[in-house]
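Right, one structure below, let's go through it.
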Amino acid sequence: MKRVVSGVLVLACLGVGQFALADGAAETKYRKSVMKSIGGHMSSMGTILKNQIHMDDLVIHARGLAGLADIAPEVFPEGSNTKKSKALPAVWENPEEFSQAMDRFIDAAEGMASAAGTEDMSEIGPAIQALGGSCKGCHDDFKAE
Ligand code: HEC
């Protein structure tokens with residue numbers, strides 16, 4: 001009981017209305033936030049490589065993205081295809097294809113995390129291309145424009 005009460009207090013302190021979002025809507029919101037974070041790391045890496053600035057940070061973004069890739073399969077629960085979601089029904093209707101796209105992404109994210117540490121463009125270039133291809137591969141089939 002004490003834990004429940006303190007949990008509610010923590011949420012209140014964060015300004016999160018505990019019952020403001022139905023579960024599905026909360027899941028959609030969380031998924032979109034995770035994808036935005038993935039997008040943030042991707043765009044940081046693109047900017048680093050294009051302009052050759054902050055090269056030392058590349059590995060931080062690559063590892064951050066790989067960590068998010070690991071949790072990505074969990075952010076598509078049943079019932080989270082709400083009005084605000086751009087996920088296509090295919091995510092839940094073609095689970096095998098979706099999971100293949102997801103695996104390809106996780107592998108590519110891990111590949112980029114190892115390549116980033118090498119500081120060798122002949123490794124980094126193909127790795128980031130494969131990673132970008134894995135985003136597109138999933139978005140083309142599973143995300144509305
Ligand atoms: C296995 C499928 C899959 C992969 C791989 C994937 N995405 Fe997504 N992404 C989605 C889906 C589905 C949505 C729509 C989510 C929603 O609206 O509920 C999305 C949404 C997004 C959004 C929009 C978030 C928002 O609402 O503002 C961004 C940005 C994004 N993805 C970036 C990326 C990047 C960058 C990669 C690769 C590094 C990537 N995604 C890989 C499926 C994927």
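Being a predicted model, the structure only gives us computed values, none of them experimental.
Under the side chain to side chain contact (heavy atoms under 4.5 Å, CB included) criterion, P95 pairs with no residue, sequence neighbours left out. Every residue was checked against the salt bridge (Lys or Arg N to Asp or Glu O under 4.0 Å) condition with K36, not counting sequence neighbours, and none meets it. Qualifying side chain to side chain donor-acceptor pair (under 3.5 Å) partners for K136, counting only residues two or more places apart in sequence or in other chains: D140. For R31, the side chain to side chain donor-acceptor pair (under 3.5 Å) test picks out S80, S85, with sequence neighbours left out. For S44, the side chain to side chain donor-acceptor pair (under 3.5 Å) criterion is met by no residue, not counting sequence neighbours.
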Run the side-chain donor-acceptor check on residues 114-133: report pairs under 3.5 Å with partners two or more places apart or on a different chain.
residue : atom : partner : partner atom : Å
S114    : OG   : E110    : O            : 2.9
T118    : OG1  : A115    : O            : 2.6
T118    : OG1  : D120    : N            : 3.2
D120    : OD1  : S122    : N            : 2.9
D120    : OD1  : S122    : OG           : 2.8
D120    : OD2  : S122    : OG           : 3.3

Please list every donor-acceptor pair under 3.5 Å in which a side-chain atom of residues 50-60 meets a protein atom from a residue at least two apart or in another chain.
residue : atom : partner : partner atom : Å
N51     : ND2  : T47     : O            : 2.9
Q52     : NE2  : L49     : O            : 3.0

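Residues M112 and M45 meet the side-chain proximity criterion, which asks for heavy atoms closer than 4.5 Å.
When all heavy atoms are compared, the tightest approach of A25 to T82 is N-CG2, 3.8 Å. What you find for S134 and R104 is that their closest heavy atoms are N-NH2, 3.9 Å. Closest approach of I106 to P73, counting heavy atoms only: CD1-CG, 3.8 Å. Considering every non-hydrogen atom in both W92 and P77, the closest pair reads NE1-O, 3.3 Å.
Sequence neighbours left out, not one pair with a member in residues 80-102 passes salt bridge (Lys or Arg N to Asp or Glu O under 4.0 Å). Identified under the ring pair (Phe, Tyr, Trp, His ring centres under 6.0 Å) test for residues 113-145, with sequence neighbours left out: F98-F142. Within the structure, the salt bridge (Lys or Arg N to Asp or Glu O under 4.0 Å) test picks out no pair touching residues 60-76 (sequence neighbours left out).
How far NZ of K32 is from NZ of K29: 10.0 Å, rounded to the nearest 0.5 Å. Atom OH of residue Y30 and atom CG of residue D23 lie 14.5 Å apart, to the nearest 0.5 angstrom. Residue I38 holds its CD1 atom at 11.0 Å from OG of S33, rounded to the nearest 0.5 Å.
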